[in-house]
Enquirer: 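The structure that follows is given in the form of structure tokens.
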Amino acid sequence: MSPLRPTPPPDSDAVGLQLDRRDFLQTMAASLALAGLTGCSHPPQEEIVPYVHAPLGQIDGLPRFFATALLRNGYAHGVLVENHMGRPTKIEGNPQHPASLGGTDIFAQAAVLQLWDPDRSQAVMRREDVTSWEAFGAELLKWSARFDQTHGAGLRVLTETITSPTLSSQLDALRRKYPQAHWHVHQPAGQEQALAGARLAFGEPVSSRLHLDRAKVILSLDADFLSDPAAGVRYARDYIAGRSPEHQGNTMARLYVVEATPSLTGAMADHRLPLQCAQIEIFARHLARRLGVANVVEDGLDARQTRWLDELTRDLQAHRGEALITVGPAQAPWVHALGHALNATLGNVGATIEYSNPVEALPGESGSLADLVGAMRAGSVDTLLVLGANPVYDAPADLQFAAALEKVPHLVHLGLYRDETGARAEWHLPQAHSLETWSDALAFDGTATIVQPLIAPLYEGRSAHELLAALLGESQQRGREIVRRHWQERLDDAAWAAALQTGVVPNTALPTRSPSLHGDALERALPPLQAAAALELLLRPDPTIDDGRWANNGWLQELPKPLTQLTWDNAALISPELAARMDLSNGDIVEIRLRERARRVPVWIMPGQAAGSITLHLGYGRRRAGRVGDGRGFDAYPLRTTGEPWCARDVQLAKTGDRYELAGTQHHFNMEGRDLLRTGTLAGYLRDPHFVTRADRYPGAPPSLYPDYPPGKYAWGMSIDLNACIGCKACTIACQAENNIPVVGKEQVRRGREMHWIRVDLYHEGPAENPRTHSQPVPCMMCEHAPCEVVCPVDATVHDSEGLNVQVYNRCVGTRFCSNNCPYKVRRFNFLQYVDKEADTLKAQRNPEVTVRRRGVMEKCTYCIQRIEAAHIEADKGSRRIRDGEVLTACQAVCPTQAIRFGDVADRQSAVAEAKASPRNYVMLGELNTRPRTSYLARLRNPNPALEEKT
Amino acid sequence: MTQLFSSRFGFFLRLGLIAALGLAIIAVFAWRGVMAGPAALNEPLEQPVPFSHKHHVGDDGLDCRYCHSSVESSAFAGIPPLSTCMTCHSQLYTDQAALAPLVRAFESKIPLHWQRVHHLPDFVYFNHSIHIAKGVGCVTCHGKIDTMPLTARVAPLTMQWCLGCHRAPQRYLRPRDEVFNLHWQAKDQLATGARLLREYHIDTRRLTECSVCHR
Amino acid sequence: MAAQMRSEAAAAPLMDEGETYTSITSNVSAITLHRRFGRLWLTGFTVALALALLLAFGVGWLLAMGVGIWGLNIPVAWSFAIADYVWWIAIGMGGTFISAALYLTRRDWRNSLNRYAETMTVFAVSVSGIFPILHLGRPWFFYWLFPYPDVMNVWPQWRSSLEWDFFAIIAYLLVSILYWYVGMIPDLATLRDRAPTLARARWYGFFALGWRGEARHWRRFETVSLLLAGLAVPLVFSVHSMVALDFSEGLVPGWHSTIFPPFFVAGALFSGFAMVLALGIPMRKAFHLEPYITERHLVNMAKMLLAVGLVVDYSYLSEIFTAFYSMDPYEVALAKNRFFGAYAWVFWSTILCNVVLIQLLWVPRVRANPRALVAISLGVLVGMWLERFMLIVTTLYRDFVPSSWGMFYPTFWDIAFLAGSMGLFFVLYLLFVRLVPVVSMFELRKMVRKRERELA
Amino acid sequence: MSDPHLYGVLAEFATAEQLLAAVARARTETRHAVLEAYSPVPVEGLVEALGPRKADRIPFWMLLGAIAGGAGTFALEWYAAVWDYPINVGGRPTGSWPAFLPPAIEMAVLGAALFGVLAMLISNGLPRWHHPLFEVESFGRASNDRFFLLLRAIDPKFDPRRAREILQTLTPLTVREVRL
């Protein structure tokens, strides 16, 4: 059975729901007692605790997959959740979901750890006392009685971005019932500016949808579309589709990026122009002028930038209808508007970019957080219902939300954690996790997905739906009824079941439309030019913990930030020039002063950072995140204002002389001229397809003294396409989730003891002001002549007939010679007891198919041997061969761009064999004659010849 | 100068050394015994309900799969949910004291805690379904279960023991349709085994590789 | 150089004319039987014991927490513990070589040195043996390296140099203990016969195994001693080749080199001789052994120290040469790293101690000056430890893939284990000088006997 | 007529030369075959003087030990790696005999050493903590500076009185009977 085939959900109530938590933990006992390698005493007596009633359709010991959706900024990411005996253990992308197509981002992978996080809110709290939902229900009755008189005056609901049709209809119902009540939306890293830009351009909010696969020339104005919260995974797939010469008739899309701080997208660019945020606006005006969109005042760019601009303009004009200009969420509304106008003039609308009605539910006039705070100050808010949001921590500093709360008698907070806001609330209500609740949500294109629970709430959590239902005084308050009722007329029972099984409600994508430009409005909207400030401060959501909501997630905290390889902290990213000017080195603490506010933070020198830009990531410095996240890093929100949420002009920087220890997983970003990561240009490739291996000392592998072993039934191998890798590190965290890889903590990372089985190396090439950046995922190479095996004195790492370099944990005594002797340094060692042996819920998350390693044992990538063996057993039972693609390694399955291929290299037809047949194929350190089974496809760039020589 | 040691000294010393050696050997075996596992061989464990395979299989002739329903499809043979027991025991022997815990558990929905008889370390991934599919009989590992009033382990379950079969499966294989038959005997085991080895496409080379059982 | 030695050996006598069987016996055995514990000894012992206890505590902590208490990481998965191991086992070699090789070549002057040199060997090897075991991630499974029939039906992996080394250490430890003990039996008999109290007489008598000095017993005894010496010499060479292979079996630049085995043997002799001098000279003074350990002994040792030192220096040179000659980018990068990298100071200190310092030994006055010799020997011992650290850490911290390059920083426990191992060694050694004759009496008697015959 | 409790007659000498002379005399005069000579140092020629003896087997035993240790270890390695559980290690042949040599060599040396020492002790009749000679007052100096000649009573030609007379003529320091 392919690990990714969703099993049809039985009568949906039976989806693990019959299990109340107690049974459920007991059911786990059998597998739990198995955690860890046995030590020196005899194994403990185990118990088997069978169900009272078995859940329908479950076969004990076999995993099942259920389709549902996880939310990011309110947008749906379709996933399949692997479920072992009622325990969600792993998340995969849903191939049928438009935002996933089988891949996921790092957050979806981490969601399963969040579900099992022991620090989650577990009980209803009134101030500091534990109470119950019943008690809150009683209170609610009193309130609604009052609201009935006042038509809801003084009642306010604050949510994050919402796409859930059910929820928005509930909110409508609420406003119908209580006309005086108000709904506000607060999303720290939301799309306000983009929507405002759309309003400017079209006079109405619209959502745009990019078709990167159709574009030949792409210009990104500070837009990191590869990590777009709503559609990053899908955009990455589309973008790479257009970058594969083999499948595009020897052509590649060309990407121009203008940005202030390096991003994944910038790292993929063929031409990247570092400009301060403010200069990007200027650049946009120039482009607009050149393309005759808006007639704006001329203002000097330097020669190099002008030249860049000229060539770009030429390229864009040469590709009318197959060009694409995209603007980042941090840019001012009118820049977005310009972008829309430019796309229109280039005839891209309908081809590479499409518009539809907004996907997210909009609160309408005066629905912003600012309006709410205004009302709070005015004392006109008597009951504030906060659904999921955490404004006390992440509201812009100038609003002084916490202070305004003083005037609010009743604050009710529904949240996964009793966070900063929950701690201030009169009532804190535990929110059920997405994997515990019934709900629904829309993808970036409006496609709807029914969110179904994988497990009954572990704690007393309830969903926003259930809370609003209670507020509306509705009889049925169970999540399933609420959602089912909403879809009643749309889906009959069969369609409902089908929707649950496939994870998408068919044909719900919003229709595209072509709104007309209000050109004159645009002209009027253009503000007078502001000269760029000497220093500007960029505030961005953190690459791994986002706006702070993931701060208590060990996997994400320890996941190296894609472009700095830092873990567990945020730092102020500064340009090499600035560092030189102020004599700063990594870890020096500086004081960033923005008018009256100042923060002390360590700096990190970021090659490619715009000279005058300082980047600080939001989300750190949490005070009530939980045991993992509290006090980590530096809170950037105090420097954030409603006026300048993303880019604050004229900040001061001062060196303090103090230092701070940052924990990175990579310290050397220069390849030292070694041909580990090979790159070339499209032109060069077409001229000489074999340029990649030309310089190799040996064609193929060097000769060997030893006769080859007879080939096994299969020859497992992997191919990693560096041309497709965007360095998002989803593979790293997927591997961590699949293989029970422990989190070691900042101190251990600093000592160089991180445990990731597949790391993503980062190399810079060229001038530090604007280098080329390359990412290279490095799992075990599965060498046929494995150096690690020969030096192990106890046969703890040996070869099997199918070419796997297996690590037998229970035989390992821990000499570590294997690691010393591994040229690729992919082996990881349990220097201390890293795996948490106490927390029950963490045990419950672990994959029962993978041994939990104890202290003193070496470990490494296994090509997900548990998946290979599962497929093997299924195939062998039927005495058939394993089909190509039947085994997907965790890293391969999650990869948004399908850069990783795995399979039987001996089988000519297999995808991996086909990939390895490409002339771009090469192996790392081949001259050592280790004969790796993991090989790479060289990376290609498609530079504009006119710009190439001078960059 | 005088004699420092009695004439017997040497003799007793040698005696002592031999004794020490003997003790050491005994100690080693004792330690191995301890490591062998929680439950001793052929000794039934205390169970919440004195379930008798002899009665259910031997006398009533229930098929293994009636209770161990996932044995053909999953690594885990499956321990029946209480509802399975109650299909009969809601009518039969309801008054029996021995069955009281079962009935209580069923009504209170608090499951029974059976003691595991066949225990493998967590780093060993045994899979029932593939063994069934390749013609390894239940009796081969679990013994004459149909004669056990209380269930006990009959095999050491050491790696050595596993290898005994993995190195020469033909000595134990049987036709698929005889897998659940506890009394089947081959006329000529080696010949049958060798034939089945081919029929079932068993890759003996792979059987002794670490990756087959350890993940 | 050997020729020069012989000529000098002919010249000055190795022992005072006045010495007789009786004087030797009473002088030497008095040290063990009648001498009081001096303040010097007591303070030394206390310090050593304190350090040894630190080691004991460290071992407990290590077993409780794991090797993570050391500064190890990926890529530097070996460091102090392995350096300590190589350092100690190498020191052991000096003793075996002096007592066995010089015995085979009939250098009589070794007769006054071999006893404490062998003792040093036994203790050094025992101490070194601790480290490879503690260094394991799961030390309690160290016996898995030993081939025994187990219920898993699995065996050791014979291609690993660690496996070879495991056998080498065992063989070396047992053989050197045998050699040491057998050589001590006649002296134990002497102590038995001279012991002031019955208890001590029994104590020594037990270990003397009832030795009576019968003519035929002497004959067989001599045969075995000779053959053991003949075995010990190739053994030590093989052992240190194994130690070298622990590294050179790897393909890491800086380890993957055929010069390692001879290089390690030379290095072992180097540090071994240094330790013999560093231990012998103070002991000679404390126990007034000048009649038996004369200036000639020191001079000869000094010359041997210089000789092997030069061999070591040569191998440094050839290593650097081959690195650049090979033009292998990784080898070259490594060599440059040693000169100028983060751990350059280790390399240059090594050169200072092992190359520059020993050149003083060319000067006869230095060779004859005990204080200078002690100083130089200590310098060499430090240098040799640093060399091992360099070989291990500067090789590992930057190998093939720059992304995985990383630094190593020692923790408190790294240093504690090194200091503790010295403590343990000196506890054993100080006990030894109190319990058994520090100079082999019967071999000195043989020299008297030889003189008698020359006169007759 | 001979006294069953008599072990032998012991004469003490000051120098090795006197002992050698005494041995020679004792053998010519008395045809005594069973003599034992004790000395604080090995005395060259003494063994030959004491009369014909069968050659020592020590080198032979050590060779045997070496073969047992070396061949045994190699055989074990071969059995383990090639017959009992062949495993693909780094693509190397299962019978990588060169890699099997080092442990074999070490064990050969160890075997030889052990056998040699054992052979020496056994053929010397050691350990023997209780011995009639230890009764003798002055014998303590046998490990220091005195040389002893013992005429054993078990010798057929042994006659206590005669033995004493002859020994007396050899200018011994003392002569005394050793009793069981």
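Numbers restart at 1 for each chain; the letters A, B, ... are given by sequence-line order, proteins then strands.
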Enquirer: Between C:Ser99 and C:Trp180, is the side-chain contact (heavy atoms from CB on, under 4.5 Å) condition met? List the steps.
Expert: CA-CA 10 Å; C:Ser99 103; C:Trp180 175 65; over 6 Å; no
Enquirer: Between D:Leu150 and chain C, which part of the residue has a heavy atom less than 4.5 Å away: side chain, backbone, both or neither?
Expert: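 Neither part.
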Enquirer: Counting only heavy atoms closer than 4.5 Å, note whether D:Asn144 contacts chain C via side chain, backbone, both or neither.
Expert: both
Enquirer: Heavy-atom pairs under 4.5 Å with chain C: which of D:Glu106, D:Arg92, D:Arg141, D:Glu36 has the most?
Expert: D:Glu106
Enquirer: Going by the angle between their ring planes, with limits at 30° and 60°, are C:Phe141 and C:Trp144 parallel, tilted or perpendicular?
Expert: parallel
Enquirer: Using non-hydrogen atoms only, which part of C:Tyr181 is less than 4.5 Å away from chain D: side chain, backbone, both, or neither?
Expert: neither
Enquirer: In terms of ring plane angle, is the pair C:Trp255 and C:Phe247 parallel, tilted or perpendicular, where the classes change at 30° and 60°?
Expert: perpendicular
Enquirer: If you count heavy-atom pairs under 4.5 Å with chain D, which of C:Ala171, C:Ser161, C:Ala189 comes out on top?
Expert: C:Ala171
Enquirer: Which answer fits C:Val448, side chain, backbone, both or neither, if we ask what part of it has an atom under 4.5 Å from a heavy atom of chain D?
Expert: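 Neither the backbone nor the side chain of C:Val448 comes within 4.5 Å of chain D.
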Enquirer: Give a yes or no on whether the backbone of C:Gly250 and the side-chain of C:His256 come within a donor-acceptor separation of less than 3.5 Å.
Expert: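 Confirmed, C:His256 side chain pairs with C:Gly250 backbone.
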Enquirer: Centre-to-centre under 6.0 Å for D:Phe148 and D:Phe139, is that the case here?
Expert: yes
Enquirer: Report the option among D:Leu19, D:Asn124, D:Asp56, D:Leu126 that has the most heavy-atom pairs separated by less than 4.5 Å from atoms of chain C.
Expert: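 The option with the most such pairs is D:Asn124.
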Enquirer: Specify which of C:Leu227, C:Ile170, C:Thr223, C:Ile185 makes the most heavy-atom pairs with chain D at under 4.5 Å.
Expert: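 Option with the top pair count is C:Leu227.
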Enquirer: I'd like to know whether C:Thr96 forms a side-chain hydrogen bond (donor to acceptor under 3.5 Å, both in side chains) with C:Glu118, so could you lay out the CA-CA distance, the side-chain angles of the two residues, the decisive distance to 0.1 Å, and finally the verdict.
Expert: CA-CA 6 Å; C:Thr96 322; C:Glu118 283 170 37; over 6 Å; no
Enquirer: Name the member of C:Val224, C:Leu245, C:Leu209 that forms the most heavy-atom pairs with chain D at distances under 4.5 Å.
Expert: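 Option with the greatest count: C:Leu209.
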Enquirer: Taking the six-membered ring where the residue is Trp, are the ring centres of D:Trp97 and D:Phe100 under 6.0 Å apart?
Expert: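 That pair fails the under 6.0 Å test.
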Enquirer: How many angstroms lie between atom CD of D:Glu44 and atom CD of C:Glu222, to the nearest 0.5 angstrom?
Expert: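 D:Glu44 CD to C:Glu222 CD: 10.5 Å, rounded to 0.5 Å.
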Enquirer: Can you say whether D:Phe147 sits under 4.5 Å from chain C via the side chain, the backbone, both, or neither, judging by heavy atoms?
Expert: side chain
Enquirer: Give the member of D:Leu50, D:Thr15, D:Ile105, D:Leu46 that has the highest number of heavy-atom pairs under 4.5 Å with chain C.
Expert: D:Leu50
Enquirer: Below 4.5 Å, heavy-atom pairs only: which of C:Trp158, C:Phe167, C:Phe442 has the largest tally toward chain D?
Expert: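 Most heavy-atom pairs under 4.5 Å with chain D: C:Trp158.
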Enquirer: Taking side chain as everything from C-beta outward and backbone as N, CA, C, O, which of these in C:Arg449 sits under 4.5 Å from a heavy atom of chain D? Side chain, backbone, both or neither.
Expert: side chain
Enquirer: How are the rings of D:Phe74 and D:Trp78 set to each other: parallel, tilted or perpendicular (split at 30° and 60°)?
Expert: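 The rings of D:Phe74 and D:Trp78 lie parallel, inter-plane angle below 30°.
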Enquirer: Using a cut-off of under 4.5 Å on heavy-atom pairs, state which of D:Ala119, D:Pro103, D:Pro59 scores highest against chain C.
Expert: D:Pro103
Enquirer: Given side-chain contact (heavy atoms from CB on, under 4.5 Å), test C:Phe237 with C:Val233 step by step and report yes or no.
Expert: CA-CA 7 Å; C:Phe237 279 84; C:Val233 174; 3.9 Å; yes
Enquirer: Tell me, out of C:Arg216, C:Arg219, C:Arg212, who's got the most heavy-atom pairs with chain D below 4.5 Å.
Expert: C:Arg212
Enquirer: Tell me, for D:Leu149 versus chain C, whether the close heavy atoms (under 4.5 Å) come from the side chain, the backbone, both or neither.
Expert: neither
Enquirer: Looking at D:Gly111, D:Ala37, D:Ala113, which one has more heavy-atom pairs under 4.5 Å with chain C than the rest?
Expert: D:Ala37
Enquirer: Find the one option among C:Phe206, C:Tyr179, C:Phe221 whose heavy-atom pairs under 4.5 Å with chain D are most numerous.
Expert: C:Phe206
Enquirer: Between D:Tyr85 and C:Trp155, is the ring centroid distance below 6.0 Å?
Expert: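 No, the ring of D:Tyr85 stays outside the 6.0 Å limit from the ring of C:Trp155, centre to centre.
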Enquirer: Heavy-atom pairs under 4.5 Å with chain C: which of D:Gly69, D:Ser96, D:Ala81, D:Gly116 has the most?
Expert: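 Option with the greatest count: D:Ser96.
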Enquirer: So what's closer than 4.5 Å to chain D heavy atoms on C:Gln157: side chain, backbone, both or neither?
Expert: side chain
Enquirer: Looking at OH of C:Tyr172 and NE2 of C:His240, how far apart are the two atoms once the value is rounded to the nearest 0.5 Å?
Expert: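 Separation between the atoms: 4.5 Å.
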